[in-house]
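This report refers to the structure that appears directly beneath it.
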Protein chains: 2
Amino acid sequence: MSDTREQLLEVAERLTQTKGFNGFSYLDLAEEVGIKNSSIHYHFKAKVDLAIALVERTHDDLLTAMADLDKSNITPEKRIKSLISYFQGYIKEEKYCLCGMMAAELQTVGPKVKKRLVAYFADLQAWLEKQFKALGHKDAKVRALQFVSALEGSLLLARLENKPSVVGQALGNLIK
Amino acid sequence: MSDTREQLLEVAERLTQTKGFNGFSYLDLAEEVGIKNSSIHYHFKAKVDLAIALVERTHDDLLTAMADLDKSNITPEKRIKSLISYFQGYIKEEKYCLCGMMAAELQTVGPKVKKRLVAYFADLQAWLEKQFKALGHKDAKVRALQFVSALEGSLLLARLENKPSVVGQALGNLIK
DNA sequence: GTCTATATACAGATAGAC
DNA sequence: GTCTATCTGTATATAGAC
């Protein structure tokens with residue numbers, strides 16, 4: 001993976017999380033990275049290809065984070081709390097969840113992106129279900145759904161009100 | 001209020017809830033309403049003025065709906081369930097919450113819109129807190145926050161997965 | 001209130017030189 | 001891989017006639 005491509009993904013990730021995928025252009029991206037906008041098309045032929053790469057990258061990052069937590073020798077409760085911290089980190093940079101953002105923009109991102117967003121949230125829920133099962137929950141699947149809903153919604157509210165604590169409050173009851 | 005202005009608000013509301021406020025243009029709006037895009041500027045000088053009117057309208061609608069529920073002779077539990085139905089109605093039209101959508105697009109809508117989004121969610125939470133207090137909850141305020149978070153997040157997931165039932169599942173534990 | 005015409009800027013994207 | 005140059009389309013917005 002070229003350095004330019006990596007830089008493009010990093011900047012595009014931040015712009016998507018702050019302004020939305022429809023809230024920035026190849027020109028914005030080019031100026032930040034220090035190349036011409038036409039050069040971006042070499043790395044991502046169309047903007048939708050960038051969207052796909054972003055969701056896949058975010059998905060891979062999440063899978064890595066969850067696998068690391070599985071490997072670590074801590075309780076399921078602490079694993080879940082660590083995952084919350086992972087998402088909570090967005091708020092201090094005034095970011096929203098990249099996949100939540102694209103889920104909001106769903107009707108404009110195209111079917112290929114939609115498919116990958118579904119996969120992202122399915123894996124997040126599956127991992128949470130596993131943790132809740134390990135904690136002895138019978139309704140682990142529903143609990144995982146409640147958790148993801150509260151997570152995405154609280155990230156939205158926390159950024160709006162500039163109160164990172166909102167995320168912890170919204171998820172408090174669901175952890176154990 | 002002129003009929004054209006009202007039509008513009010109705011179409012803009014739907015487009016915002018489906019494609020996002022940055023996902024449609026004055027031209028899209030004009031074609032649906034059947035006027036020229038330059039005519040829209042007579043009703044809403046700049047696009048940000050349209051955004052403000054949309055949030056205020058959505059806020060007013062919510063206040064009316066909540067006031068109606070307060071007047072009706074039903075239990076707080078049923079009031080809350082009715083409010084859920086109010087939001088759940090969006091899903092079958094593949095819409096997201098207008099204020100949730102603009103909260104996602106926060107960094108591009110400007111400070112005036114942000115201020116009104118904060119007011120919208122504050123009133124929604126305040127009403128819910130009142131209902132939870134009537135149900136005897138000591139942590140009514142936190143519960144209201146949990147409810148709004150789960151509501152906004154579940155609306156996002158329900159639309160993505162085309163499963164309206166997700167909203168009820170995500171909020172189930174929080175109602176009573 | 002709505003129109004035509006226009007201004008200015010920017011969007012995503014391509015061709016071909018280097 | 002990145003550039004210059006360019007294309008085509010669209011965005012928000014304004015001026016002034018009707």
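The model shown is predicted, which means the values in this text are computed figures rather than measured ones. Letters A, B, ... mirror the listed sequences (proteins, then strands); counts begin at 1.
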Considering all heavy atoms, the nearest A:Glu93-A:Thr18 contact: O-CG2, 4.2 Å
What residues from residues 14-26 of chain B pass a heavy-atom cutoff of under 4.0 Å to DNA chain D? B:Phe24, B:Ser25, B:Tyr26
Below 30° counts as parallel, above 60° as perpendicular, anything between as tilted: where do the rings of B:Tyr120 and B:His59 land? perpendicular
Taking atom CG of B:Asp68 and atom OG1 of B:Thr64, what is their separation to the nearest 0.5 Å? 6.5 Å
Tell me the closest heavy-atom pair linking A:His43 and A:Ser2, and the distance in Å. CE1-OG, 3.6 Å
Specify the separation, in whole Å, of atom CG of B:Asp49 and atom C1' of D:dT12. 12 Å
Contacts to DNA chain D from residues 29-43 of chain B, heavy-atom cutoff under 4.0 Å, which residues? B:Asn37, B:Ser38, B:His41
Using 0.5 Å steps for rounding, measure from the CE atom of A:Met102 to the CG atom of B:Leu160. 12.5 Å
Gap between atoms CG and P, on A:Leu27 and D:dA11 respectively (whole Å): 18 Å
Do A:Val55 and A:Val109 have side chains that approach each other closer than 4.5 Å (heavy atoms only, starting at C-beta)? no
Passing option when B:Tyr96 is tested against B:Gln17, B:Arg159, B:Glu152 for side chain to side chain donor-acceptor pair (under 3.5 Å): B:Glu152
Looking at B:Lys45, I'd like to know whether one of its side-chain N or O atoms comes within less than 4.0 Å of OP1 or OP2 on D:dT14. yes
For B:Gln7, give me all partners under side-chain hydrogen bond (donor to acceptor under 3.5 Å, both in side chains), at least two apart in sequence or on another chain. none
Would you indicate, yes or no, if C:dG1 has its OP1 or OP2 atom less than 4.0 angstrom from a side-chain nitrogen or oxygen of B:Thr4? no
